[in-house]
Amino acid sequence: MKYSLVFFDADDTLFDFSKSQEIAFRESISHFNISYHTDRLYYEYKKSNKELWAKLEQGSINADELRLLRFKNIFETHKINQDPKIFGDYYIEKISKSTHLIPYALQICQFIKSLNIKIGIITNGFTDTQKNRFEKSELFPFFDSITISQETGFRKPQPEIFEIALKKHLNIKKEEVLMIGDNLHADILGANEFGMDTCWFHKSGGQPKADIQPKYIITELMQLKKIIAKT
């Protein structure tokens, strides 16, 4: 076996974060009796949240500002009388209990462990949200390590977070590691530059940008079986 360790990104690679966040958002809107059109609010929330995460990665805002502004912005735009901090805290509570999985996530973890290959998670996220979700998930027993950006002070694609994650696995060299993720910039570029093999999980198919080249591309998780078994 070439690979002794497989690192996964968490959200939208193993965990269906898109589904989880929509459910949490709609439950929060219902809980606070907000009567404004929920579909429109959710669309605007996703747009605002994506923009704010980009600013967080650039270092122009911090995590607390992101948590507040993603709700404050849409409430102010639509003159909704709701405290964004209270709403955001409730939303985080709901999403931290959500463990929806991407199809075949459980099966591929079972397969990898059957080959005595270790599994690690490297995620850009908030510790309180991610830890709760992971510990409640049926995937948790398969994880040999979990590395969360908020705990390390570094975020993918920074090389430091990959180095911190790898150091949790003594006697494994980065040449023995495969990194799998859905984010071409954070997961693939970051791991490429650190010196790991990479696999881009691109559910809709297609080719990557010319300047970011993963070693493998898959459109569903079970395609990893051939990659891992043949190496």
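Note that the structure is a prediction, hence the values are computed from the model and not measured. We count residues from 1, following the sequence as given.
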Please enumerate all residues that pass salt bridge (charged side-chain N to carboxylate O under 4.0 Å, His left out) together with Lys173, with sequence neighbours excluded. none
side-chain contact (heavy atoms from CB on, under 4.5 Å) between Gln110 and Phe142: does it pass, once the steps are laid out? CA-CA 8 Å; Gln110 290 171 330; Phe142 296 98; 3.5 Å; yes
May I have the step-by-step check of side-chain contact (heavy atoms from CB on, under 4.5 Å) for Asp182 and Asp11, ending in yes or no? CA-CA 8 Å; Asp182 68 302; Asp11 292 330; over 6 Å; no
Should [X] and [Y] count as an ion pair when the cut-off is N to O under 4.0 Å?
| X | Y | value |
| --- | --- | --- |
| Lys131 | Glu135 | no |
| Lys203 | Asp16 | no |
| Lys55 | Glu51 | no |

Backbone of [Y] reached by a side-chain donor or acceptor of [X] within 3.5 Å:
| X | Y | answer |
| --- | --- | --- |
| Glu76 | Asn73 | no |
| Thr123 | Ala10 | no |
| Asn124 | Ile148 | no |
| Lys174 | Phe194 | yes |

Please work out which of the three classes, parallel, tilted or perpendicular, describes the rings of Phe140 and Phe143, given edges at 30° and 60°. perpendicular
Distance only, no hydrogens: is a donor on one side chain within 3.5 Å (strictly under) of an acceptor on the other, for [X] and [Y]?
| X | Y | answer |
| --- | --- | --- |
| Ser18 | Asp12 | yes |
| Ser145 | His169 | yes |
| Arg133 | Gln130 | yes |
| Asp197 | Tyr3 | yes |
| Thr147 | Glu151 | no |

State plainly whether one hydrophobic cluster holds both [X] and [Y], where clusters connect Ile, Leu, Val, Met, Phe, Trp and Tyr through side-chain heavy atoms under 4.5 angstrom apart.
| X | Y | value |
| --- | --- | --- |
| Tyr216 | Ile212 | no |
| Ile108 | Phe201 | yes |
| Leu5 | Phe134 | no |
| Tyr43 | Tyr36 | no |

Enumerate the residue pairs fulfilling salt bridge (Lys or Arg N to Asp or Glu O under 4.0 Å) with a member in residues 26-37, sequence neighbours excluded, ordered by first and then second residue. Glu22-Arg26, Arg26-Asp39, Glu27-Lys94
Could you give all pairs that pass the ring-ring contact (aromatic ring centres under 6.0 Å, His included) test and reach residues 50-74, with sequence neighbours left out? Tyr45-Phe71, Trp53-Phe126, Phe71-Phe87, Phe71-Tyr91
Would you please name every residue forming a side chain to side chain donor-acceptor pair (under 3.5 Å) with [X], sequence neighbours left out?
| X | value |
| --- | --- |
| Asp9 | Thr13, Lys156 |
| Ser48 | none |
| Ser137 | none |

Should we say atom [atom1] of [X] is surrounded by more than 12 heavy atoms from elsewhere, each under 6.0 Å from it?
| X | atom1 | value |
| --- | --- | --- |
| Lys113 | NZ | yes |
| Lys47 | NZ | no |
| His31 | NE2 | yes |

When rounded to the nearest 0.5 angstrom, what distance separates OG1 in Thr127 from CD in Gln150? 4.0 Å
Could you walk me through whether Asn171 and Glu176 pass the side-chain contact (heavy atoms from CB on, under 4.5 Å) test, one step at a time? CA-CA 10 Å; Asn171 302 318; Glu176 303 173 60; over 6 Å; no
